[in-house]
Every structure is written in C-alpha cells, then in structure tokens.
Amino acid sequence: MLPHPEEIAALTKAFADFQSRADLLATAYAQMQSEFRNVNLELEATNSRLTESLKKEEETQTYLNSILASMNNGVIGVDVMGTITQFNRAAKDITGFTIEETLGKSFRDVFTCEAASEQSVLTVLANGKELSRDEKVIWHKDGHPVPVSYQTALLADDHGGTLGAVEIFSDISRIKALEADMRHAKTMAALGEMAATVAHEIRNPLGAMGMWASLLERDIDPADSRRKTLSRIIEGLARLNRIVSNLLVYSRPVKAQLRPVPLGGLLDEISDFVQIEIERLGQNITVCKEFDASSDICVEADPEKLHQIVMNVCFNAIQAMPSGGVLTVRIEIDSVRSGYVSFCIIDTGEGIPKEMLEKIFDPFYTTKENGTGLGLAIVKKFIEFHSGHIAVDSERGLGTTIRIFLPRSKV
C-alpha cells in the first residue's frame, strides 16, 4: 500500500525542518569551534604574558636580593607582626646572627629585650614614626656592644596599607675609635703645650741648681761621704734637665733646613761615636757596619735632626742589650728606588713584645726604669717631618730591626 500524499508531504516537511535544524547546529558548532580556538589563543597569550611577568618578577626579586646581599649596610625587614622577613649578609656580619637564625623568627625573640627596647623596627611599627638618621648600640650575638648609625622606615602597599618596617644600619666602631683617638690627640696636644710651658719655666732653675751643686762638689774633699750624696743630686738634676730638654724638643714645632746629606758618611761618624760610648760604658757590644762610608747615596735631610734620629735609635738598641750583643748599621742598597733610601739599625737584644710594638712611639710610653718615653717619639716626629717612614720588626728574644726610609736627594 502506497503512502498517502499527505503523509509524504508531512515527512518531506519534517525532513526539511530536520535538515534546517542540522544546518543551524552545524553552523553553531563551527562557530563554537572558532570561538573555542580564539579562547585557546587568548589563554595561550595570557599564559605567555603571565609566564613572562613571573619571570620578570623573579629576575627583579633576584636582582633586589643581590643588591641586599652586596650592601655594606645591614638591612632587617619585619612584617606587621614583627616577624623578620629580610636579613642580609651585612646584618649577619654586624650582629653575628645567621640568616637561618633570623628569617621567619620574631625580632624580639632573636634580639635581646634590651636591644629590642631601643629605637628599632618594632618602635616604628608601634608608633609609625620613621627615623631619618640616628645612632645607637646594638648587641652582638656574643654579647659585646656594636655602635651603629641607622635609619628606619615603614613599608606600605599601593593603597597605603602597612606591610611592615625596615631598618638600615652600618657599623661605626672604626669611626668611634677614630673619634676617641682624635680626642686623645687633642688631650695630648694640650698636655704637650702645658709641659712645654712648665719645662721652660723650670729649665733655668734646674741649670742654676746644677751649677751650684757642681761648685759645691768641687769644694768638698773626695774622701768626704757627703760627696757621694752630692754626686747623686747632680746626676738627678742632669736627668731632670734631659727630660726637660726632650719635652721642649718634642713640643716645639720642628724647624730644620733640608739639604743633601751623604748617608754613608753620617752613619760612619755616628757608628764610631757609638763604639766609643760603648767602650766608655764597659759594655760587651760590637758595632758592625754594613755600608760603604764613601757611598754617594744622599738623602734630603737636616744633618742635625738626622744625627739625633740615628743616635736615639742606636742608644735604644744598646739599652736593649744589657748582656752584650751586636749592633748592626746597614744601608739597604736594593731599596734605593721610588725616590727613597732605607737604612736599618739592628740589635740582638731582648726584642719587643707584639702588644707593645704599636705603643713604642707614643710620647711618655717607656718600659725602662729611668726612661722618659720621649726618645722614639722624637725620632718619629723628626722622620715624619722629613716625609719619611719608620718600621719596626721585632721578635722576643731575637732582637729588633728598625728600618728608616728617607727621601733620596735629587742632587
């Protein structure tokens, strides 16, 4: 039985509607696929931008960390809870705490309560007041105080909210030591001026006392027991006069006329005088000359001052050898370069302890029972006036070498 025409028409219409809907679905699917591809492309582009942004952020963080690590100033950063979030290498060197001991820990727990009570990042967090520059003392891990110069600031986000605080500080121990040295130098200068005034005032009475004592000694019979006492008085007056003279020499400005001085001839003359003095004192010391007396090496110096320099050093060397030894005077030929000449005065005496080496040129510092502590101080002053340099090398029990550098004469 054939389908009825009306049924065929209905089926044809339904098929056409289905085909139309299928075409719409195909079009929608194609459009959806296109939109999906576009979304994927946008996601890929967004991911690429995010990756690049993260890479730049990591590079920036690495760069900032490198800056923090290379800074000579200590940096400590904390969050709003007072937990340490930044602690660089300089902070470690100044405080003694390692990065592992500090990062993620409470500032108050890491540092002592005494240190935390000082002006610090915690104070900034508490009152919101930043400090542009100030000084304080922080406590090293081993317990000693470290003077620092520091400044503090609050850390804020883009909206002004507080993220934490940071403190930047630097060790000023050396500056404080230099300030102390300067104060000491000013004190010593004032004492020197006072000593010069006192020395000048008592020099004339001392000379008169010495003269009258000598006249009195001449009139006393050599067998009289009082003559021995008077000799001690004269000896004491002479020593006082030497001290006063040295005070005046050290405290007065150096006045000298520089000219070419043959170093070999001057050292030869002084060495002979020192040998005579050693024989007069009855000491078992041999003077060894290691230079050419006729050498044409000349230094730019004042002969009188240079003579005093060498004499003072030589007599210090003699006093360091009470049991005898060898005193060597040497010109270092190989050192005649860079416009300077050096010569050495070497003894085989007791040597100088290391802890005393830095003090031996200080005025009034002496280890001798009857010393004044001015001999080597005068030596250094004269050498510095000549634009020279003095160096000491000594070992306990093996002797001392004093090396003096003076400008070579250009003539």
Side-chain angles (χ1 to χ4, degrees), residues 231 234-235 238-239 241-243 245-246 249 256 259-299 301-336 341-352 360-361 366-383 386 388 390-406:
S231 296
I234 293 173
E235 184 180 339
R239 183 169 177 271
N241 195 49
R242 286 196 301 272
I243 294 173
S245 298
N246 284 335
V249 169
R259 62 181 178 83
V261 178
L263 185 59
L266 183 136
L267 292 179
D268 185 57
E269 177 187 338
I270 296 175
S271 298
D272 289 342
F273 178 83
V274 169
Q275 183 67 68
I276 294 171
E277 187 64 17
I278 289 172
E279 293 173 359
R280 186 186 70 81
L281 295 172
Q283 292 182 284
N284 185 27
I285 296 175
T286 302
V287 177
C288 180
K289 303 178 185 179
E290 294 186 1
F291 58 86
D292 181 4
S294 61
S295 170
D296 60 355
I297 297 174
C298 291
V299 293
D302 181 290
E304 181 183 345
K305 298 293 186 293
L306 182 54
H307 190 279
Q308 192 167 354
I309 289 170
V310 179
M311 288 291 292
N312 280 2
V313 175
C314 283
F315 280 117
N316 266 281
I318 291 171
Q319 291 170 6
M321 297 184 286
S323 302
V326 178
L327 176 65
T328 303
V329 182
R330 175 191 303 158
I331 296 178
E332 297 182 310
I333 302 298
D334 295 338
S335 71
V336 182
V341 179
S342 71
F343 63 94
C344 299
I345 297 173
I346 308 166
D347 67 66
T348 57
E350 302 167 347
I352 304 170
I360 61 174
F361 295 111
T366 181
T367 57
K368 302 180 182 72
E369 184 178 351
N370 295 319
T372 64
L374 287 171
L376 289 180
I378 291 171
V379 166
K380 186 176 182 182
K381 181 176 181 178
F382 284 175
I383 289 174
H386 284 81
I390 184 168
V392 183
D393 183 20
S394 184
E395 190 169 346
R396 195 68 171 161
L398 297 179
T400 302
T401 298
I402 292 186
R403 184 172 284 105
I404 297 171
F405 298 81
L406 292 175

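Residue numbers start at 1 and run along the sequence shown. A quick note: this is a predicted structure, and the numbers were derived from the prediction, not measured. For the numbers below, each heavy atom of this structure counts, side chains included, while hydrogens, waters and symmetry mates do not.
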Main-chain N/O of G325 paired with T348 side-chain donor or acceptor, under 3.5 Å:
no
Between G351 and T400, what is the shortest heavy-atom contact and its length?
CA-OG1, 3.7 Å
Any side-chain heavy atom of I383 sitting closer than 4.5 Å to one from F405?
no
For the CG atom of L266 and the CD1 atom of I309, what is their distance to the nearest 0.5 Å?
10.0 Å
Tightest non-hydrogen contact, residues P260 and P262, listed as O-CD, 4.1 Å
Exercise: identify the closest heavy-atom pair between K380 and I390:
CG-CG2, 4.5 Å
Heavy-atom side-chain contact between P303 and R259 under 4.5 Å:
yes
With the side chain counted from C-beta on, respond yes when N312 and Q308 share a heavy-atom pair under 4.5 Å apart, and no when they do not.
yes
Using the rule given for side chain to side chain contact (heavy atoms under 4.5 Å, CB included), can you reason through V379 versus N316, listing the C-alpha separation, both sets of side-chain angles and the distance that settles it, and then say yes or no?
CA-CA 11 Å; V379 166; N316 266 281; over 6 Å; no
Roughly how far apart are M311 CE and I270 CD1, rounded to 0.5 Å?
6.5 Å
Provide the closest heavy-atom pair for L263 versus F343 in the form atom of the first, atom of the second, distance.
CD2-CD2, 3.9 Å
Minimal heavy-atom distance between G264 and F291, with the atoms involved, is O-CE1, 3.4 Å
Are the side chain of D393 and the backbone N or O of T401 linked by a donor-acceptor pair below 3.5 Å?
no
Any sub-3.5 Å donor-acceptor pair from S394's side-chain atoms to G399's backbone N or O?
yes
Nearest atoms (heavy-atom pairs only) where K289 meets D268:
NZ-OD1, 2.6 Å
Just by modelled atom types, is the C344 backbone N or O under 3.5 Å from a matching donor or acceptor in the R403 side chain?
no
Nearest 0.5 Å please: distance from the CE atom of M321 over to the CD atom of Q283.
8.0 Å
Name the residue from I345, I285, L327 that meets the side chain to side chain contact (heavy atoms under 4.5 Å, CB included) definition with V274.
L327
Calculate, to the nearest 0.5 Å, the distance between atoms CD1 and CD1 belonging to I331 and I404 respectively.
11.5 Å
Tell me whether E304 at atom CD has more than 12 heavy atoms from other residues, nucleotides or ligands lying less than 6.0 Å away.
no
Once rounded to the nearest 0.5 Å, what's the spacing between atom OG of S323 and atom CD of E350?
7.5 Å
Rounded to the nearest 0.5 angstrom, the CD1-CZ distance for I346 and R330 is 3.5 Å
Would you say H386 and D302 make side-chain contact, with heavy atoms under 4.5 Å?
yes
Using the side chain to side chain contact (heavy atoms under 4.5 Å, CB included) rule, take C314 and F273 through it: C-alpha gap first, then chi angles, then the decisive distance, then the call.
CA-CA 11 Å; C314 283; F273 178 83; over 6 Å; no
